[in-house]
*Asks:* 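Just passing along the structure, written as C-alpha cells.
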Amino acid sequence: MSRKPAYPVKKLIGMSEDMAERISDYRFGHRLSSESEAIRDLIEKGLAAADVAEE
C-alpha cells in the first residue's frame, strides 16, 4: 500500500545565480530543512502578498 506524496505536483524552473543564492540564504537564515521547503515558503508569502495587494 503506497502513500500519496505530500507534494504531488513537480515544477522545474530556471533562475539566476543571484536568486538561487538568495533562496539559499533564506533557507539557512530561517533554518529550513530543504531548498524546496524554502521555495514553497517564499511562494506562499508572495501569493499572500499578491492577494492583499489585489484587495
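Just so it is clear, the values below take in all heavy atoms, side chains as well, and ignore hydrogens, waters and symmetry mates. Residues: numbered from 1 along the sequence shown.
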*Asks:* More than 12 heavy atoms of other residues, nucleotides or ligands under 6.0 Å from CZ of Arg22: is that the case?
*Replies:*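 Result for CZ/Arg22: open.
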
*Asks:* Once side chain to side chain donor-acceptor pair (under 3.5 Å) is applied, what residue pairs with a partner in residues 27-37 remain, sequence neighbours excluded?
*Replies:* Ser33-Glu37

*Asks:* Other hydrophobic cluster members with Tyr26, side-chain heavy atoms of Ile/Leu/Val/Met/Phe/Trp/Tyr under 4.5 Å, chained?
*Replies:*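 The other cluster members (ILVMFWY side chains, heavy atoms under 4.5 Å, direct or chained) are Ile13, Met15, Met19, Ile23, Leu32, Ile39, Leu42, Ile43, Leu47.
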
*Asks:* Under the rule for salt bridge (charged side-chain N to carboxylate O under 4.0 Å, His left out), what residues qualify as partners of Lys10, not counting sequence neighbours?
*Replies:* none

*Asks:* Which pairs pass salt bridge (Lys or Arg N to Asp or Glu O under 4.0 Å) with one or both residues in residues 44-55, sequence neighbours excluded?
*Replies:*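 Salt bridge (Lys or Arg N to Asp or Glu O under 4.0 Å) check on residues 44-55 returns Asp41-Lys45.
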
*Asks:* Under 4.5 Å between side-chain heavy atoms, chaining through other members, with only Ile, Leu, Val, Met, Phe, Trp and Tyr counted: pull out the rest of the cluster around Val52, sorted by chain and number.
*Replies:*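 The other cluster members (ILVMFWY side chains, heavy atoms under 4.5 Å, direct or chained): none.
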
